[in-house]
Amino acid sequence: MAKKIQTPRGTQDILPEESYQWLYLENEIRKIFNRFDFFEIRTPVFEETELFARGVGETTDIVQKEMYTFEDRGGKSMTLRPEMTASVVRAYIQHALWNQGAVQKLSYISPMFRQERPQAGRLRQFYQFGVEILGTPGPVADVEAIALAMEIFNHLGLRNLTLRMNSVGCPKCRPNYRAVLRESLKNVKGRLCPDCQVRYDTNPLRILDCKKEICRKLTEDVPGIEDYLCEECRGHFNAVKNGLKVLEIPYTSDKRLVRGLDYYTRTAFEIVSTELGSQDAVCGGGRYDRLVFELGGPDVSGVGFAAGMERLLVIMRKNGLPLGEPPRPEVYFVSLGENAKTAVLKLAQQLRRSGFRCELDLAGRSVKAQMREANRIGALFAVIVGEDELSKNEAQVKNLENGTQTGVPFGKLPEFIRRDQ
RNA sequence: GUGGGUAUAGCUCAGUUUGGUUAGAGCGCCAGGUUGUGGCCCUGGAGGCCGUGGGUUCAAGUCCCACUACUCACCCCA
């Protein structure tokens with residue numbers, strides 16, 4: 001028991017009993033991606049470390065303490081991707097995708113890696129689905145990204161989600177607000193939690209996001225950033241909110257919403273569920289108008305979101321929402337005798353080519369055991385072949401739902417099964 | 001990185017308080033009850049160095065210590 005090798009901490013196997021649910025989710029998510037005319041992008045699971053250091057931000061927790069970084073045999077520092085945006089932007093630049101159309105709409109469903117202490121809804125290898133819209137600063141793109149996220153959750157049957165909205169401004173107006181924030185917290189600085197006292201100097205916006213009781217109280221009446229946005233940012237934010245109204249997507253404005261990644265500008269949003277415990281965000285995203293340029297590309301804007309598959313699954317299971325059905329074979333071949341086993345091999349191949357999911361006995365078991373197996377895996381029909389059947393070229397086909405059994409000529413099996421199921 | 005909880009069969013868990021001969025149940029799995037027929041039922045079987053190491057004791061699944069793993073929470077995030 002003790003020495004068996006098991007999955008590394010914070011990782012999990014997804015076994016057949018569960019994997020069909022993942023396939024269902026991925027299929028449904030891709031359906032909605034398609035309706036919004038997004039195209040899937042796949043990038044390497046590891047990148048040069050520098051990409052994330054520059055892209056995500058040197059000061060973020062992700063870069064400072066959560067990355068899986070290693071040296072390859074050539075001595076280069078590589079990192080398992082902790083998030084997708086930096087990789088997508090890298091690919092966008094590397095392949096000059098702006099030449100393939102003014103706006104690129106890219107989607108993904110991929111594993112991410114962060115070396116954190118695991119807990120409910122937080123794993124070291126976890127799956128995110130998301131999109132990036134590159135090449136336009138227009139607020140409609142923000143609205144489309146948010147609408148797409150909401151549409152996926154809606155399509156999957158999720159209700160009771162809350163969309164939180166804020167703007168984090170731009171390099172022009174954020175410094176002003178930062179100063180306002182510092183000013184209004186000046187007198188209570190000493191009472192903030194130790195972390196926030198540091199944040200006061202390094203990144204005061206994060207104080208708003210602190211979950212500590214004291215800090216929340218002290219920041220309760222602090223002005224929000226909305227009143228201090230520059231004209232452009234205010235206009236953008238209003239346009240986004242208008243778009244949401246047009247689409248009848250409810251949201252709450254939340255001055256405390258300050259996303260943790262450095263690259264965000266203007267729109268920041270988050271979709272939370274009350275059913276996730278303390279890791280309540282199922283989706284987070286926003287606009288990043290400087291990232292492409294900072295990573296060496298043209299000065300174009302981007303907006304996107306990422307959502308957690310495992311967290312989504314948690315919510316769906318709690319709400320008893322449909323997650324697909326485990327596949328059942330149409331046919332289980334029951335054979336007895338060497339000749340029959342050979343014949344059944346061939347019959348199975350023919351039925352499979354007709355599109356049926358077929359199974360046959362690989363373990364050389366008794367007829368009874370084969371029947372039991374057919375029942376256990378939920379086969380619709382047992383097709384029984386022995387010496388008698390071989391001589392008549394006719395199989396005994398038993399409908400396992402209602403127990404009726406009929407003789408069916410080998411050649412007529414596909415049409416019989418198609419008709420009778 | 002810091003704290004709390006847990007660790008007995010593939011799974012869910014009894015047994016630990018009051019140490020005492022071969023460690024249990026349900027589910028699942030396998031097989032028999034039907035010389036070639038599933039489900040329900042009956043019968044049987046396989047499967048556990050009771051997380052690992054050490055200690056106390058005549059005797060440890062049970063008491064003590066350490067370690068490890070899992071889990072929940074903090075930080076932060078999807």
Side-chain angles (χ1 to χ4, degrees), chain A residues 1-12 15 17 56 59-67 82-85 108-130 149 153 193-196 198-199 206 209-212 258-261 269-273 276-285 304-315 332-337 340 363 365-390 395-405:
Chain A
M1 277 298 261
K3 281 205 179 156
K4 281 184 190 161
I5 297 177
Q6 29 181 18
T7 50
R9 166 180 293 218
T11 66
Q12 58 178 353
L15 302 175
E17 60 193 51
V56 179
T59 63
T60 60
D61 276 22
I62 290 181
V63 170
Q64 280 185 351
K65 53 181 200 188
E66 296 172 1
M67 295 207 302
E83 58 108 45
M84 197 66 175
T85 304
Y108 60 88
I109 304 179
S110 307
M112 307 295 157
F113 307 84
R114 290 181 200 172
Q115 190 161 2
E116 299 181 87
R117 197 72 173 258
Q119 69 186 75
R122 188 165 74 200
L123 298 163
R124 290 185 167 190
Q125 172 173 345
F126 59 101
Y127 286 78
Q128 288 189 334
F129 65 90
F153 294 128
C193 76
D195 284 341
C196 284
V198 175
R199 289 177 183 137
R206 306 282 295 145
D209 198 33
C210 186
K211 281 163 191 152
K212 295 253 165 40
V258 181
R259 311 239 67 234
L261 282 57
F269 69 95
E270 195 169 86
I271 299 171
V272 300
S273 162
L276 281 175
S278 65
Q279 311 302 323
D280 64 350
V282 67
C283 177
F305 72 80
M309 292 280 282
E310 289 84 359
R311 291 183 187 179
L312 174 58
L313 264 174
V314 167
I315 304 175
Y332 186 95
F333 281 97
V334 174
S335 55
L336 63 158
R365 303 212 284 176
S366 69
V367 169
K368 182 192 177 82
Q370 291 183 58
M371 287 300 292
R372 196 164 42 227
E373 179 71 1
N375 185 66
R376 195 182 67 82
I377 65 180
L380 271 35
F381 297 94
V383 174
I384 303 157
V385 180
E387 289 300 331
D388 293 353
E389 288 75 17
L390 282 182
Q396 286 298 315
V397 178
K398 183 165 188 177
N399 182 321
L400 293 176
E401 312 255 270
N402 59 28
T404 59
Q405 186 165 320

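In what follows, chains are A, B, ... by sequence order, proteins preceding strands, each numbered from 1. A quick note: this is a predicted structure, and the numbers were derived from the prediction, not measured.
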What is the base-pairing partner of [N], counting Watson-Crick and G-U wobble geometry with both distances under 3.5 Å?
| N | value |
| --- | --- |
| B:G53 | B:C65 |
| B:U2 | B:A73 |
| B:A78 | none |
| B:C58 | B:G20 |
| B:G47 | none |
| B:G38 | none |
| B:G26 | B:C11 |

For [N], does the base pair up with any side-chain atom of [X] as donor and acceptor (N or O, under 3.5 Å, distance only)?
| X | N | result |
| --- | --- | --- |
| A:Q405 | B:U37 | yes |
| A:K368 | B:G38 | no |
| A:R372 | B:U37 | no |

Just call it for [X]: base, sugar-phosphate, or nothing, with non-hydrogen atoms closer than 4.0 Å on any strand.
| X | result |
| --- | --- |
| A:R376 | sugar-phosphate |
| A:G403 | base |
| A:A369 | sugar-phosphate |
| A:E389 | base |
| A:A374 | nothing |
| A:L123 | base |
| A:Q12 | nothing |
| A:G337 | nothing |
| A:R117 | base |
| A:E83 | nothing |

Given the [atom1] atoms of [N] and [M], what is the spacing between them in whole Å?
| N | M | atom1 | value |
| --- | --- | --- | --- |
| B:G5 | B:C42 | P | 43 Å |
| B:G3 | B:A66 | P | 13 Å |
| B:A59 | B:U16 | P | 22 Å |
| B:G15 | B:U22 | C1' | 16 Å |
| B:U6 | B:G51 | C1' | 11 Å |
| B:G20 | B:G39 | C1' | 46 Å |
| B:U52 | B:U68 | C1' | 7 Å |
| B:A14 | B:C74 | C1' | 34 Å |

Using whole Å, report how far [atom1] of [X] lies from [atom2] of [N].
| X | N | atom1 | atom2 | value |
| --- | --- | --- | --- | --- |
| A:E116 | B:C75 | CD | P | 12 Å |
| A:D61 | B:G1 | CG | C1' | 12 Å |
| A:F129 | B:A78 | CZ | C1' | 9 Å |
| A:L400 | B:G38 | CG | P | 10 Å |
| A:N375 | B:C30 | CG | C1' | 16 Å |
| A:Q370 | B:C30 | CD | P | 13 Å |
| A:Q6 | B:A7 | CD | C1' | 12 Å |
| A:R9 | B:A69 | CZ | C1' | 7 Å |

Residue met sooner reading RNA chain B from 5', once A:Y127 and A:G10 are mapped to nucleotides: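 Nearer the 5' end of the strand: A:G10.
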
Given RNA chain B, 5'-ward residue of the pair A:G386 and A:I271, judged by closest heavy atom: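 First, find each residue's nearest nucleotide; the 5'-ward one identifies A:G386.
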
When rounded to the nearest 0.5 angstrom, what is the spacing between [atom1] in [X] and [atom2] in [Y]?
| X | Y | atom1 | atom2 | value |
| --- | --- | --- | --- | --- |
| A:E389 | A:E387 | CD | CD | 9.0 Å |
| A:R124 | A:E66 | CZ | CD | 10.0 Å |
| A:R206 | A:D61 | CZ | CG | 7.5 Å |

Stepwise side-chain contact (heavy atoms from CB on, under 4.5 Å) test for A:F113 and A:Q115: CA-CA 7 Å; A:F113 307 84; A:Q115 190 161 2; over 6 Å; no

Residues A:I271, A:F305; criterion side-chain contact (heavy atoms from CB on, under 4.5 Å); working and verdict: CA-CA 10 Å; A:I271 299 171; A:F305 72 80; over 6 Å; no

Short side-chain N/O contact to B:A73 OP1/OP2 from A:Q119, under 4.0 Å: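 Looking at the OP1 and OP2 atoms of B:A73, one of them is under 4.0 Å from a side-chain N or O of A:Q119.
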
Phosphate OP1/OP2 of B:A31: any A:R365 side-chain N/O under 4.0 Å: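 Yes, A:R365 has a side-chain N/O under 4.0 Å of OP1/OP2 on B:A31.
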
Residues A:F333, A:Q370; criterion side-chain contact (heavy atoms from CB on, under 4.5 Å); working and verdict: CA-CA 8 Å; A:F333 281 97; A:Q370 291 183 58; over 6 Å; no

Side chain A:E310, main chain A:Y127, donor-acceptor under 3.5 Å: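 Pair found, side chain donor or acceptor close to backbone of A:Y127.
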
Closest to the A:L336 side chain, choosing from B:C72, B:G36, B:A78: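 Nearest to the side chain of A:L336 among the choices is B:G36.
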
A:R311 vs A:R122 side-chain heavy atoms within contact, under 4.5 Å: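 SC-SC contact between A:R311 and A:R122 confirmed.
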
Full working for side-chain contact (heavy atoms from CB on, under 4.5 Å) between A:Y332 and A:L400: CA-CA 10 Å; A:Y332 186 95; A:L400 293 176; 5.7 Å; no

